[in-house]
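What you see is a predicted model, and the numbers here were worked out from it, not measured in a lab. Quick note: numbers below take in every heavy atom, side chains included, and nothing from hydrogens, waters or symmetry partners. Throughout, a chain's letter reflects where its sequence line sits, starting with A, and its residues are numbered from 1.
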Number of protein chains: 2
Amino acid sequence: MALENPPGSAFLLAAVGAHAAARFAERVAELDLTPPQIGLLGLIAASPGQSQQAVAHVLGMPPSRLVGLVDALADRGLVERRRNPTDRRLHALHITDAGQAALGKIATIGREHDDALCRSLDSSERETLRTFLSRIAADQGLRPGIHPGYRTV
Amino acid sequence: MALENPPGSAFLLAAVGAHAAARFAERVAELDLTPPQIGLLGLIAASPGQSQQAVAHVLGMPPSRLVGLVDALADRGLVERRRNPTDRRLHALHITDAGQAALGKIATIGREHDDALCRSLDSSERETLRTFLSRIAADQGLRPGIHPGYRTV
DNA sequence: TATTGTTATACTCTATAACTATA
DNA sequence: TATAGTTATAGAGTATAACAATA
């Protein structure tokens, strides 16, 4: 889209945001994890014990898609499914110690990523940027910490 | 990715950017155009007469992918392929009057989209946001007006 | 009969590589 | 032999819908 001169805020946001997402995906590939898997891991850590249906609903994705993501994390021992004894249909999702350790590494990578992306802004400018982006996110109905890319479009 | 509290700049950028891109795609669907088609249309308008190979290289996509995009725009009469008489292998890409008209509508939609996305910022804040984003884009090697989503990852 | 999780199927998007026409 | 453009094939990712287990 080479349309406006200079480009508008929305185009810049989309372009820089796509770049940020691509660079983050590159960095975490080192851990053999994808951004969707990491988003799920973070959500399970933040609110453990939820059913797959509940988590899928929060992320705005079909439950069938969640199965594969949980499989990948469970195969590696980062999360576990615990059957509810009173209603054996439910699989409560919990993070493991290995999962917590992985989240620690991810947080470090995230900070490095943040610094590299915003190295052309000083610390006060970064704060201003975060303020503006948070305000837009809230105004646009984005839930904090949930990437809208999960949603059905 | 619900990892940091509060979320870092990179995550906010990726989330807000994905939201911006999704809303823009919704708006231009009314014209029966997709964002990649629009990006190509804008590039052809900005530098007409280039070969498909050259355009594919600028956008960072395989030439085979460009064929389908050009087909879609040419079928609708928005662009045209002109064979180079001295080297008949080359197809120079040009925008048509209908293509220019479509770009006009797209620009209007883009401004509306920009206003809706940034309605929680005043005009001076929007200017600051554009400044910061432009600086990040330049620092990160993003070429002005080219969406990095075209690139091979 | 309703609900949770899973699997099966089909569809979209894309890259790679084969092909053609021109040089 | 080399290059521009095109077509064919195959792979990834995803949604929809069918299915099995449990209530």
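- In this structure, B:Gln53 reaches the bases: a heavy-atom distance under 4.0 Å links it to at least one base atom across the strands shown.
- When heavy atoms are screened at a 4.0 angstrom cut-off, A:Ser51 is found touching the sugar-phosphate backbone but no base atom.
- Nucleotide D:dG5 holds its P atom 11 Å from the CD atom of B:Gln50, rounded to whole Å.
- Between the C1' atom of C:dT22 and the NE2 atom of B:His91 lies a distance of 10 Å, rounded to the nearest Å.
- Bending across the helix from C:dT1-D:dA23 to C:dA23-D:dT1, expressed as the angle between its end axes from five pairs apiece, amounts to 30° (10° rounding).
- Remark on DNA chain D: of its neighbouring residues A:Pro85 and B:Ala92, the 5'-side contact belongs to B:Ala92, judged by nearest-heavy-atom nucleotide.
- Neither OP1 nor OP2 of C:dT3 sits under 4.0 Å from any side-chain N or O of A:Arg89.
- Going from atom CG of A:Leu69 over to atom P of C:dG5 covers 14 Å, rounded to whole Å.
- Taking atom CG of residue A:Leu59 and atom P of nucleotide D:dT14, one finds them 13 Å apart after rounding to whole Å.
- Out of C:dT22, C:dT7, D:dT6, the shortest distance to the side chain of B:Arg88 is found at C:dT22.
- As judged by a 4.0 angstrom heavy-atom cut-off over every strand, B:Thr34 is placed among residues making no nucleic acid contact.
- Side-chain contact check for B:Leu133 versus B:Leu13: some heavy-atom pair is nearer than 4.5 Å.
- Rounded to a whole Å, the CZ atom of A:Arg81 is 15 Å from the P atom of D:dT22.
- Taking atom CG on A:Leu40 and atom P on D:dT14, their separation rounds to 13 Å, with Å as the unit.
- Judged by distance alone, with hydrogens and angles left aside, the side-chain atoms of A:Ser51 form no donor-acceptor pair with the main-chain N or O of A:Leu90 at under 3.5 Å.
- Between the side chain of B:Arg135 and the backbone N or O of A:Ser120 there is at least one donor-acceptor pair closer than 3.5 Å.
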(message) Evaluate B:Arg81 against B:Leu93 for side chain to side chain contact (heavy atoms under 4.5 Å, CB included), listing each step before the verdict.
(response) CA-CA 5 Å; B:Arg81 294 175 166 104; B:Leu93 298 175; 3.9 Å; yes
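- When rounded to the nearest whole Å, the span between CD of B:Gln37 and C1' of C:dT12 equals 14 Å.
- The side chain of B:Arg65 has C:dA15 as its nearest neighbour among C:dG5, C:dA15, C:dT3.
- Here the CZ atom belonging to B:Arg130 is positioned 14.0 Å from the CZ atom belonging to A:Phe11, to the nearest 0.5 angstrom.
- In the displayed structure, B:Asp97 atom CG is contacted under 6.0 Å by at most 12 heavy atoms of other residues, nucleotides or ligands.
- Ranking D:dA15, C:dT7, C:dA23 by closeness to the B:Asp87 side chain, first place goes to C:dA23.
- Rounded to a whole Å, the CZ atom of B:Arg83 is 11 Å from the C1' atom of C:dT20.
- Looking at A:Ser64, its side chain comes within 3.5 Å of the base of D:dT16 through a donor and an acceptor atom.
- With hydrogens and angles ignored, the 3.5 Å screen pairs a side-chain donor or acceptor of B:Arg143 with a backbone N or O of B:Val58.
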